Amino acid sequence: MPAKDLEQIVNLCKRRGFVYPSAEIYGGFRSSYDYGPLGSLMLRNVRDAWIRAMVQKRDDVVLIDAAILGPPQVFEASGHLANFSDPLVDCKNCKQRFREDHIEDTTVCPNCGAKDTLTQARAFNLMFKTFAGPVEGSGAEVYLRPETAQGMFVNFSNVLQTSRKKPPFGIAQVGKSFRNEITPGNFIFRTREFEQMELEFFVPPSEGPQWYEYWCATRMQWYVDLGIATDMLRLRPHDADELSHYSSGTADVEFAYPWGWGELEGIAQRTNFDLNQHATHSGQKLDYFDQSTGERYVPYVIEPAAGVNRAMAAFLLAAYEEDEIGGEARTVLRLHPRLAPYKVAILPLSKKESLMPIARDIFDRLGERYMVEYDDTQSIGKRYRRQDEIGTPLCITVDFDSLDDNAVTIRDRDSTQQVRVPLSDLENEVRIRLGF
Ligand code: GAP
C-alpha cells in the first residue's frame, strides 16, 4: 500500500535525510527545500534514469545544458513576458491570495469563508526578474528561465549544425527553472525553484500527431518501468481552456497523489510556434532543408516535460509501504534499484577488527560500480530496518563465519530473504540482483 498521506513521506524525508525545509535554522523559507545526503543521491538517480532512457538509449536525441539567466528578448519571443501569468485574486477580509482557477466558487473566500470579498482577478506574471551588472534599471533586466525549453529553441541551429541530426530528432535538457508561483505547496510538488527534464522533439509537420501519440505512450511507460503501478497513473488530455499559449494539444501524465490526481508530466504539441517566434524576433532562419526531397520547412515540436522533484515525490509516495516481518512492523521504501540512493549496504556484524578487512574490501570493490553505504553501528536488526526505510535493495552482512568460508550473506529488501554467497561471486550476484 503506497503512502496514504503526505505527512508519512515528509516525516521520513526529514528523519532520514532526504529533504529538509530550506533555511530551517532561521525558521524556514516558505515552500523551499534542501535535499540532504539521500535526497541529493535520489535526485541524481531520477535525472540519470531520464537521461539514460531519453538520450543514452536512443540515437535521435542529444543533450544540452543552457544558461539559466536569459535576456528579455528570448522571453518576449517565447511569449512568456506577455502570457506566462496566473489569475490572482486577493481576499479583502483575510488578505490571503489565491489562483482564481484553483477556486471552485469565486463568491466565497476559500480561507476565511467570507462572502464577496475576493477582488477581480489580475494577471500575475510568474517569471523572476533580476538585474545583470551593478546598475539596477531598465536595460539591465534579465530573467530566470521559467522552463528549460527555450534553451533548446534558441540553440536549434547550433545543434543541427554540430550534431548532424535531422528531423525527427530531439534536444534534451535537465536543469533548474524558476516560477514565482502564487500558491506553492504540497511539499516538493510545487515550489518556486525546481528542476525540469525536458525534450524538444523536432519532426516534419505531417508527422506531428504520430509522434505525439508515441511520446505519450513512451513517457507513461517510463514511470511504470521505474516501479509505479499502472493504476496510480493516467493520461489526461487538456481541455481547450487549459492549453498553454504555445500548445495545440497537451496531455498530462497524472499521478494518484494522496490529495487526488495531479500532474506529473506534460506532453505538448508546440507546433512550430517557438521556432517561428524566435526566427521572427532574431531575424535568423530557424528551419530545416531536407536535401533528399528539396523541401524546406520549420519543424513541429513534441515536448515531453517532466519535473525531477515532482517525479521524486511520486516515486517516494508509490514506494512507501508499512508491512510486518516476523510480527514486527517495518517501513520499507520499495524503490526501483536505479532510484534507490544506495544500492548496497555493507554491514559487518561487529566492529571487531577481524571483520574489517573483508568488509572494507567489499566496500571498495562494489564502490567502483555502485553507491554503497558502510554501516557498523547499532544492532544488525536496527541496521536492516534503517536500510529498508531508505530503500536500499541489498544488505551484505560480514560475520565471523566469513573468516572461514570466504562467503557473506546477502539480504533482499523486499522479501527479506537471506542467501550465502561466496566472496568470489559477489559482484556477479549483486549485478544479477540489481539488474545492472
Ligand atoms: N516546457 C513546458 C513546461 O514547462 P509545465 O507543465 O509548466 O510545462 C513541466 O512543466 C513539468 O515541470 C511539470 O509537469 C512538473 O513536473 C514540473 N513543474 C512545473 N512547475 C513546477 C513547480 N512549480 N514545482 C515543481 N515542479 C514543477
Side-chain angles (χ1 to χ4, degrees), residues 19 22 30-33 35 39 43 46-47 50 54 64 66 68 70 74-75 78-80 83-86 99 101-102 124-128 143-154 170-202 212 215-216 219-220 222-223 228 233-238 242-255 257 261-271 273-275 277 301-317:
V19 183
S22 195
R30 194 174 155 247
S31 299
S32 277
Y33 294 94
Y35 291 77
L43 280 183
V46 174
R47 280 181 217 121
W50 189 88
M54 304 294 276
I64 66 165
I68 287 173
V74 168
F75 302 109
S78 70
H80 282 92
N83 300 313
F84 195 58
S85 53
D86 281 338
R99 264 174 70 170
D101 54 334
H102 283 179
F124 173 73
N125 194 290
L126 298 181
M127 276 200 298
F128 278 104
Y143 292 89
L144 274 72
R145 63 183 179 193
E147 58 171 10
T148 63
Q150 297 308 318
M152 280 77 109
F153 298 124
V154 300
I171 309 179
Q173 180 170 199
V174 179
K176 288 236 168 155
S177 294
F178 301 82
R179 296 181 191 174
N180 200 357
E181 299 279 4
I182 299 168
T183 49
N186 282 335
F187 193 38
I188 55 175
F189 174 80
R190 181 176 286 109
T191 49
R192 297 200 170 98
E193 172 180 347
F194 55 97
E195 214 175 325
Q196 291 186 306
M197 314 182 274
E198 297 198 291
L199 169 70
E200 308 304 322
F201 199 74
F202 300 92
Y212 175 63
W215 279 113
C216 285
R219 292 304 305 150
M220 282 283 279
W222 185 76
Y223 294 100
I228 299 186
L233 294 167
R234 72 177 188 190
L235 193 70
R236 187 186 66 82
H238 277 203
E242 289 179 88
L243 293 178
S244 311
H245 61 273
Y246 50 71
S247 172
S248 72
T250 295
D252 283 346
V253 175
E254 291 194 334
F255 177 76
Y257 296 97
W261 289 101
E263 179 183 344
L264 186 52
E265 163 162 359
I267 298 135
Q269 308 186 61
R270 288 183 85 128
T271 66
F273 175 85
D274 302 87
L275 289 180
Q277 286 291 105
V301 170
I302 310 300
E303 176 199 66
V308 181
N309 320 77
R310 203 174 281 190
M312 173 167 154
F315 287 128
L316 286 170
L317 286 162

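Quick caveat: nothing in here was measured; it's all calculated off a predicted structure. One-based numbering, in listed order, for ligands and for the atoms of each. Just so you know, these numbers use all the heavy atoms, side chains as well, and skip hydrogens, waters and symmetry mates.
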Salt bridge or not between Arg270 and Glu198? Use side-chain N to carboxylate O under 4.0 Å.
no
Sequence-distant partners of Phe75, ring-ring contact (aromatic ring centres under 6.0 Å, His included), two or more places apart
none
Kindly write out the residues that satisfy ring-ring contact (aromatic ring centres under 6.0 Å, His included) with Tyr143, not counting sequence neighbours, or none if the list is empty.
none
Would you call Trp222 and Val253 a side-chain contact if the rule is heavy atoms closer than 4.5 Å?
no
Would you please name every residue forming a ring-ring contact (aromatic ring centres under 6.0 Å, His included) with Tyr35, sequence neighbours left out?
none
Check whether any side-chain heavy atom of Asp252 lies under 4.5 Å from a side-chain heavy atom of Leu264, and answer yes or no.
no
Which parts of the protein, at residue level, reach under 4.0 Å of ligand 1 through a heavy atom?
Glu147, Ala149, Arg179, Glu181, Phe189, Arg190, Thr191, Phe194, Gln196, Glu198, Tyr246, Glu263, Leu264, Glu265, Gly266, Arg270, Glu303, Ala305, Ala306, Gly307, Arg310
